[in-house]
Student: 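My questions will all concern the structure given below.
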Amino acid sequence: MPDIRLPDGSVKSFPQPVSVAQIAQSIGAGLARAALAARVNGKLVDTGHRVESDAEVQIITERDPEALELIRHSSAHLLAHAVKELYPEAQVTIGPVIENGFYYDFSYKRPFTPEDLASIEQKMLEISKRDLPVERKVMPRDEAVAFFRNLGEKYKAEIIASIPEKEAISLYGQGNWIDLCRGPHVPSTGKLKVFKLMRVAGAYWRGDSKNEMLQRIYGTAWAKKEDQDAYLKMLEEAEKRDHRRLGTQLDLFHMQEEAPGLAFWHPKGWVLWQQVEQYMRRVYRENGYHEVRGPQILDVGLWKRTGHWDNFRESMFFTSSENRDYAVKPMNCPGHILIFNKGVRSYRELPLRYGEFGSCHRNEPSGALHGLMRVRGFVQDDGHIFCTEEQILAECVAFTALLQKVYRDFGFTEVIYKVATRPAKRIGSDAAWDKAEFALQQSLQQSGVAFSISPGEGAFYGPKIEYSLKDGIGRVWQCGTMQVDFSMPGLLGAEYVAEDNTRRTPVMLHRAIVGSMERFLGILIEHYAGAFPLWLAPQQVVVLNITERQAEYAAGIKNRLLNQGFRASADLRNEKISYKIREHSLQKLPYQVVVGDKEMQAGTVAVRTRSGEDLGAMSLEAFTARLQAEAKAQ
RNA sequence: GCCGGUUUAGCUCAGGGGCAGAGCAACCGCCUUGUAAGCGGUAGGUCGUCCGUUCGAUUCGGACAGCCGGCACCA
């Protein structure tokens with residue numbers, strides 16, 4: 001005799017156990033049609049779920065936030081169903097929901113082609129139209145293993161076999177197709193109307209590169225057509241702000257075959273770089289760092305002492321001369337320790353902070369390269385803080401605050417914080433790890449930010465905070481980092497004289513704010529879609545003359561702007577003003593100033609902003625005052 | 001590194017076993033121009049590289065490389 005309490009507080013009594021679908025039906029036929037699932041006492045269940053006793057029940061329709069996940073999950077099943085109908089020999093594996101969609105991994109004798117995707121999508125539509133009811137069954141584990149073995153689905157059988165023996169397995173069937181799944185699912189395939197297969201890609205079975213490669217099909221699915229259209233539109237827009245495309249269009253940088261994973265910075269791109277570098281140099285200076293510079297190549301013997309030879313050799317470039325082997329540095333830290341080691345250090349000097357814009361090279365796997373976001377040669381705003389264990393917390397707190405200020409100045413407010421904790425294979429005492437992990441977490445708590453823990457993801461020498469930003473299409477890239485290192489200073493013999501006149505090994509904090517300059521610039525380009533704020537813009541102002549008569553006046557204006565420190569140029573070409581404006585608009589210049597006879601006679605400039613607003617004529621002084629105010633606002 | 005796709009003019013892209021194409025950009029003229037494309041002309045290429053099939057390959061096949069999308073990796 002269950003009493004069902006609904007979200008509006010009303011209670012419905014039933015004489016015997018009822019299914020979610022029956023509850024929905026009792027409320028209204030429309031709701032029954034729209035029902036996708038339900039939340040029963042907080043737990044998400046199918047519409048076929050039977051409620052045996054008193055419960056709080058909320059019917060889920062496409063209007064609820066949970067609906068998307070259900071739809072995407074069921075769409076993954078629909079995809080697998082379609083693939084099995086078209087290619088019966090294909091084996092199914094897993095098909096989870098991901099951001100904006102879903103995927104399903106298959107094993108098949110040949111790769112799926114883009115043409116296959118089209119026919120699979122057609123088949124999915126067809127199965128959707130059949131409106132097959134989706135039914136849940138429960139089976140003991142061993143029976144389920146045997147069931148899938150019989151079907152020849154060895155991957156499924158393997159997955160189930162790894163589930164604890166006692167547990168019952170739920171299976172979902174639609175038509176003649178059945179899959180292992182925790183559920184819940186939509187009640188019938190007809191509920192799935194808005195989906196699109198996006199791409200096919202390889203993926204390792206169980207995410208391990210030692211295993212065979214499966215075929216992963218990615219799809220997107222939505223409750224409403226308009227939502228999907230908006231999503232596809234967003235992807236299109238994101239493509240337009242891709243830093244690789246804008247890098248070419250705005251003539252910022254290029255990459256070419258002879259130097260895979262290495263950027264060539266063009267004049268405008270290098271101006272942008274320098275704005276960032278000079279800003280970060282000021283950050284060093286104003287926050288107690290001494291800027292230093294270590295050599296590019298160091299004897300291999302040094303890298304053997306630091307552990308790089310054993311742990312990092314695969315990712316390093318080597319060179320040799322006169323029977324000596326060198327490694328091109330992949331990190332700046334050993335160099336900073338060598339600088340620290342020159343001279344006897346006192347505890348009074350700690351924390352001692354070094355910063356460098358050092359150029360590092362890492363031999364990244366070819367498949368990992370990705371524009372400026374993942375390169376083989378890069379420059380970091382790489383700082384190392386030598387301190388005592390007691391100083392770690394304060395340094396971390398200060399660093400996180402500093403990083404946030406820097407990100408804000410560059411226009412980023414959405415930062416993702418993670419703390420990577422001790423891995424199984426590690427050095428150092430548990431007490432030291434406790435202290436370091438606590439300090440990292442506490443620094444984030446004091447900064448008032450939410451963070452997640454990546455258990456076991458820390459470096460072998462210490463835990464770290466990872467600070468990440470998102471690129472134009474939501475891909476997350478780590479930029480900043482703060483790592484606690486208890487070992488490398490000792491390996492290279494760093495020590496300081498403590499208060500009690502004993503020699504002690506300092507702790508070293510590895511930290512970067514923008515991380516790789518290349519990656520950060522890539523993210524900046526996408527963040528601003530190439531329309532940089534005034535202080536970053538490679539070219540801030542262009543002066544345009546209407547006809548040859550004002551050429552000299554225009555050149556004079558440009559020179560006065562240059563003399564005041566603005567990045568200005570003049571476009572004196574014999575072209576129509578609208579033509580010039582179009583060109584410089586496409587180059588996303590913050591300001592264009594037009595000078596014709598009127599302005600020349602009045603000694604003024606007519607100012608046009610990047611948004612296309614005409615500010616009218618004003619004196620050069622009024623204009624530069626505006627520029628100055630805007631640049632300072634940063 | 002692995003799976004798939006892709007590579008044609010400076011850029012964006014079409015084409016296709018038999019003389020290599022367009023738009024934009026460039027260059028040369030004309031036009032002296034008022035807030036997002038004035039008009040006409042010229043030039044531009046070992047069709048990523050190498051090997052094969054063929055009378056003939058930019059086109060078909062193979063290998064390699066770069067790039068793109070994922071996977072793995074990211075000290």
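Note that these values count all heavy atoms, side chains included, but never hydrogens, waters or copies made by symmetry. Numbered from 1 within each chain, the chains take letters A, B, ... in sequence-line order.
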Student: Quick one: A:L615 CG to B:G34 C1', roughly how many Å, whole number?
Tutor: 16 Å
Student: Polar atoms only, N or O, under 3.5 Å: list the protein pairs with nucleotides 40-49 of chain B and their distances.
Tutor:
none

Student: Output the single nucleotide from B:C67, B:G34, B:C71 whose closest atom is nearest the side chain of A:A606.
Tutor: B:G34
Student: Can you tell me if A:E552 has over 12 outside heavy atoms packed within less than 6.0 Å of its CD?
Tutor: no
Student: With sequence neighbours left out, write down each residue that passes salt bridge (Lys or Arg N to Asp or Glu O under 4.0 Å) with A:E364, or none if nothing qualifies.
Tutor: A:R374
Student: Ignoring the backbone of A:R475, work out which of B:G34, B:G66, B:G70 is nearest its side chain.
Tutor: B:G70
Student: Side chain of A:E548, heavy atoms from C-beta onward: which of B:A37, B:G66, B:U32 has the nearest atom to it?
Tutor: B:U32
Student: Quick one: list whatever passes salt bridge (Lys or Arg N to Asp or Glu O under 4.0 Å) with A:K154, sequence neighbours left out.
Tutor: none
Student: I'd like a list of close polar pairs between nucleotides 23-28 of chain B and the protein, N/O only, cut-off under 3.5 Å.
Tutor:
{"from": "B:A25", "atom 1": "OP1", "to": "A:Y579", "atom 2": "OH", "distance (Å)": "3.1"}

Student: Please work out if A:R244 contacts a base, only the sugar-phosphate, or nothing of the nucleic acid, heavy-atom cut-off 4.0 Å.
Tutor: sugar-phosphate
Student: Classify the angle between the aromatic ring planes of A:Y231 and A:W222 as parallel (below 30°), tilted (30 to 60°) or perpendicular (above 60°).
Tutor: tilted
Student: Answer yes or no: does a side-chain N or O of A:H584 lie under 4.0 Å from OP1 or OP2 of B:U35?
Tutor: no
Student: Counting any heavy atom closer than 4.0 Å, what does A:E599 reach on the DNA or RNA strands: base, sugar-phosphate only, or nothing?
Tutor: base
Student: Please list all pairs meeting salt bridge (charged side-chain N to carboxylate O under 4.0 Å, His left out) that have one or both residues in residues 510-533 of chain A, counting only residues at least two apart or in different chains.
Tutor: A:D381-A:R511
Student: Quick one: which of B:U32, B:U35, B:G38 gets closest to the side chain of A:T547?
Tutor: B:U32
Student: So, using side chain to side chain contact (heavy atoms under 4.5 Å, CB included) as the criterion, who are the partners of A:S585 when residues are at least two apart?
Tutor: A:I581, A:Q592, A:R608
Student: Please identify each residue that fulfils side chain to side chain donor-acceptor pair (under 3.5 Å) with A:K240, with sequence neighbours left out.
Tutor: A:E237
Student: Have A:S119 and A:D116 got a donor and an acceptor in their side chains that come within less than 3.5 Å?
Tutor: no
Student: Considering only atom P, compute the distance from B:G21 to B:G66 and round it to an integer number of Å.
Tutor: 32 Å
Student: Could you give the distance separating B:U59 and B:U7 at their P atoms, to the nearest angstrom?
Tutor: 12 Å
Student: Closest nucleotide of RNA chain B for A:K464 versus for A:D597: which of these residues is on the 5' side?
Tutor: A:D597
Student: Return no unless some side-chain N or O of A:R216 is found under 4.0 Å from OP1 or OP2 of B:A72.
Tutor: no
Student: Looking at CZ of A:R567 and CG of A:L561, how far apart are the two atoms once the value is rounded to the nearest 0.5 Å?
Tutor: 12.5 Å
Student: Treat a base pair as Watson-Crick or G-U wobble with both distances under 3.5 Å, then lay out RNA chain B in dot-bracket form, 5' to 3', with | for cross-strand pairs.
Tutor: (((((((..((((....[..)))).(((((.......))))).....(((((..]....))))))))))))....
Student: Polar atoms only, N or O, under 3.5 Å: list the protein pairs with nucleotides 2-4 of chain B and their distances.
Tutor:
{"from": "B:C2", "atom 1": "O4'", "to": "A:Y204", "atom 2": "OH", "distance (Å)": "3.3"}
{"from": "B:C3", "atom 1": "O2", "to": "A:G202", "atom 2": "N", "distance (Å)": "3.3"}

Student: Mind checking what makes side chain to side chain donor-acceptor pair (under 3.5 Å) contact with A:D299, not counting sequence neighbours?
Tutor: A:R324
Student: When you compare the side chains of A:N332 and A:H384, does any donor N or O come within less than 3.5 Å of an acceptor on the partner?
Tutor: no
Student: Is the closest basic N to carboxylate O distance between A:D208 and A:R206 below 4.0 Å?
Tutor: no
Student: I need the OH-P distance between A:Y553 and B:U32, as an integer number of Å.
Tutor: 24 Å
Student: When you measure from the side chain of A:Y218, which nucleotide among B:G66, B:C74, B:G70 comes out closest?
Tutor: B:G70
Student: Rounded to whole Å, how long is the line connecting atom CZ of A:R199 with atom P of B:G5?
Tutor: 16 Å
Student: For A:T481, enumerate each residue passing the side chain to side chain donor-acceptor pair (under 3.5 Å) test, keeping only those at least two apart in sequence or located in another chain.
Tutor: A:Q483
Student: Charged N to carboxylate O below 4.0 Å: is that the case for A:K470 and A:E414?
Tutor: yes
Student: In chain order, what residues pass the side chain to side chain donor-acceptor pair (under 3.5 Å) check against A:K464, with sequence neighbours excluded?
Tutor: none
Student: Any idea if B:C64 is syn or anti, going by the 90°-from-0 cut?
Tutor: anti
Student: Considering only atom C1', compute the distance from B:U32 to B:U46 and round it to an integer number of Å.
Tutor: 45 Å
Student: Do any side-chain nitrogens or oxygens of A:R608 fall under 4.0 Å of OP1 or OP2 in B:A36?
Tutor: yes
Student: A:D242 CG to B:U12 C1': how many Å, rounded?
Tutor: 15 Å
Student: I want to verify a distance call: between B:A36, B:G69, B:C74, whose nearest atom is closest to the A:R582 side chain?
Tutor: B:A36
Student: With nearest nucleotide decided by heavy atoms, which residue, A:Q478 or A:V607, maps closer to the 5′ end of RNA chain B?
Tutor: A:V607
